[in-house]
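First up is the structure itself, then whatever we jot down about it.
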Amino acid sequence: MKHQLEWHLIEAGRTKRDAGAFFGEFPKCEWNKICISTNKKEESKEAYILSRDNQIVVATNVVLIKTEEDILLIDTGTPVMPDYSQWTGSHLRHKLSGYNITFKEITKVILTSPDMDHAGGIAHHDRSSNLIPTFPKATIYYHETESVRARARSIPIADHSFEIWDKLDIHPVTSVEEILPGLIVHPIEGPSFNGSIVEMKRGADRILFMSDLCPTLHHTNPDIIPAQDDAPDQSSMERARWIDKSIREGHM
């Protein structure tokens, strides 16, 4: 039997990042030349507008995957309610409706990070202001580890989503795991101690969703490691390993 797989990259919202922290020790005079556009019409995935307070706006991407039996999301984007200082509200419901999909039809969700821009969409408030699961029928796959970050975080965790953790169908991932045929979760303890990346292999297709391990095309440069990563050295080694693998095996 031939396995069917359909996937779509969805921009569910946007977040603001401090550009200095985002590009780490890479000198500003260098990243300012290759990454920053002074013309808003030229803004793209390769060029960003630098604000007066040294921030850039980055897309929060979600991957929609449809197979014979499942409708799956990799990450959930920002919360529905915006925080105008750090993130926009979620457009995920509207974007999914374009594929004739509702939240209740989602069967599996993989969280690649506990941060607000990845896990913020797990929960939302109903009309009575009660916090409820966004995807009531989904199993949530999450890299579980006992590692604890010692220093303060600069990016907010999706605390409101974890408040309802006991109401969710959680499947902890502690090692490499094949969630569906050809869909593999790889735990990564670089950008986040609870982080992961997702590999898709079906037929001749090879797709790698590296999440915060490589947040932009510019981060394929080995010298650019975000300062906010939980384990920057680990990020550097893991990214180099996975980029080499993607080149050898022809990942998108």
Side-chain angles (χ1 to χ4, degrees), residues 12-26 31 53-62 73-79 83 85-87 109-123 131 140-168 170-177 185-199 208-216 218-243:
R14 293 191 168 195
T15 59
K16 294 180 181 179
R17 289 284 182 265
D18 179 88
F22 197 62
F23 295 109
E25 295 182 351
F26 197 62
W31 61 250
D53 54 357
N54 205 52
Q55 289 187 321
I56 58 174
V57 177
V58 182
T60 59
N61 291 321
V62 172
L73 294 179
I74 302 176
D75 287 339
T76 62
T78 55
D83 176 336
S85 64
Q86 296 201 47
W87 65 80
V109 174
I110 299 171
L111 295 179
T112 66
S113 167
D115 292 340
M116 188 65 78
D117 54 333
H118 298 269
I122 281 291
L131 196 62
I140 311 298
Y141 294 84
Y142 177 72
H143 176 202
E144 188 174 79
T145 176
E146 296 181 356
S147 299
V148 178
R149 182 185 174 107
R151 58 197 174 99
R153 295 183 61 87
S154 60
I155 298 177
I157 293 179
D159 290 329
H160 75 293
S161 295
F162 295 105
E163 289 177 19
I164 62 164
W165 207 237
D166 59 342
K167 298 180 181 179
L168 303 175
I170 303 298
H171 180 96
V173 176
T174 57
S175 60
V176 177
E177 184 168 342
V185 176
H186 297 269
I188 297 291
E189 294 190 5
S192 167
F193 289 136
N194 295 104
S196 59
I197 63 175
V198 182
E199 184 180 17
L208 191 61
F209 185 73
M210 293 181 68
S211 190
D212 283 344
L213 188 61
C214 192
T216 73
H218 298 296
H219 287 78
T220 56
N221 183 333
D223 295 330
I224 303 179
I225 301 293
Q228 65 263 14
D229 281 14
D230 283 351
D233 288 344
Q234 184 74 8
S235 292
S236 179
M237 292 185 291
E238 289 284 5
R239 188 199 294 168
R241 179 170 73 90
W242 278 100
I243 288 178

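Given the structure is predicted, the values throughout are model-derived calculations rather than measurements.
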For residues 222-230, tabulate all N or O donor-acceptor pairs below 3.5 Å that involve a side-chain atom, not counting sequence neighbours.
from   : atom 1 : to     : atom 2 : distance (Å)
Asp229 : OD2    : Ser235 : OG     : 2.7
Asp230 : OD1    : Arg149 : NH1    : 2.3
Asp230 : OD2    : Phe193 : N      : 2.9

Practice task
Taking all non-hydrogen atoms of both residues into account, name the closest pair between Gly77 and Val62 and its distance.
Solution key: N-CG2, 3.6 Å
Problem - Heavy-atom closest pair, residues Gly120 and His160 - result: O-NE2, 3.1 Å
Handout entry: Spatial distance of atom OG (Ser211) from atom CG (Asn61) [nearest 0.5 Å]
Key = 9.5 Å
Practice task
Not counting sequence neighbours, which residues clear side-chain hydrogen bond (donor to acceptor under 3.5 Å, both in side chains) with Thr220? List them please.
Solution key: none
Exercise for the section: Return yes if some donor-acceptor pair links the side-chain N/O of Asn54 with the main-chain N/O of Asp18 below 3.5 Å, else return no. Expected result: no
Problem - Aromatic ring pairing Trp165/Tyr142, orientation class (parallel under 30°, perpendicular over 60°, tilted between) - result: perpendicular
Problem - Nearest-0.5 Å distance that lies between atom CD1 in Ile56 and atom OG1 in Thr216 - result: 7.5 Å
Practice task
Please examine the side chains of Ile188 and Ser196, heavy atoms only from C-beta on, and report whether any two atoms are closer than 4.5 Å.
Solution key: no
Problem - Beyond-backbone contact of Thr60 with Trp87, side-chain heavy atoms, under 4.5 angstrom - result: no
Exercise for the section: Answer whether the closest heavy-atom distance between the side chains of Pro79 and Met116 falls below 4.5 Å. Expected result: yes
Problem - Non-neighbouring partners of Asp166 that pass side-chain hydrogen bond (donor to acceptor under 3.5 Å, both in side chains), sequence neighbours left out - result: none
Fill in the blank from the handout: Scanning both residues in full, the closest heavy-atom pair of Ser113 with Asp75 reads N-OD1, 4.3 Å
Exercise for the section: Could you check if a side-chain atom of Gln86 sits within less than 4.5 angstrom of a side-chain atom of Ile155, using non-hydrogen atoms only? Expected result: no
Exercise for the section: Starting at CD1 of Ile197, measure out to NE2 of His143 and round the result to the nearest 0.5 Å. Expected result: 12.0 Å
Handout entry: Rounded distance (nearest 0.5 Å) linking atom CG of Asp212 with atom OG of Ser192
Key = 8.0 Å
Practice task
Might you point out which heavy atoms bring Ile140 and Leu111 nearest each other, and give the distance in Å?
Solution key: CG2-CD1, 3.9 Å
Completion exercise
What one should report as the nearest heavy-atom pair of Ile157 and Pro114 is CG2-O, 3.4 Å
Practice task
Kindly compute the distance separating NE2 (His118) from OG1 (Thr15), expressed to the nearest 0.5 Å.
Solution key: 8.0 Å
Problem - Spacing of CZ belonging to Arg239 relative to CD belonging to Gln234, to within rounding of 0.5 Å - result: 12.5 Å
Completion exercise
Taken in chain and number order and not counting sequence neighbours, the residues that satisfy ring-ring contact (aromatic ring centres under 6.0 Å, His included) with Phe22 are His219
Completion exercise
By ring-ring contact (aromatic ring centres under 6.0 Å, His included), His186 pairs with (sequence neighbours left out) Trp242
Practice task
With the side chain counted from C-beta on, respond yes when His171 and Glu177 share a heavy-atom pair under 4.5 Å apart, and no when they do not.
Solution key: yes
Practice task
Measure the shortest side-chain to side-chain distance between His218 and Trp31 over non-hydrogen atoms and say whether it is less than 4.5 angstrom.
Solution key: no
Problem - Results of side-chain hydrogen bond (donor to acceptor under 3.5 Å, both in side chains) for Arg241 - residues two or more places apart only - result: Glu238
Handout entry: Whether over 12 other heavy atoms sit under 6.0 Å from Asp233 CG
Key = no
Fill in the blank from the handout: Scanning both residues in full, the closest heavy-atom pair of Arg14 with Thr78 reads O-CG2, 4.3 Å
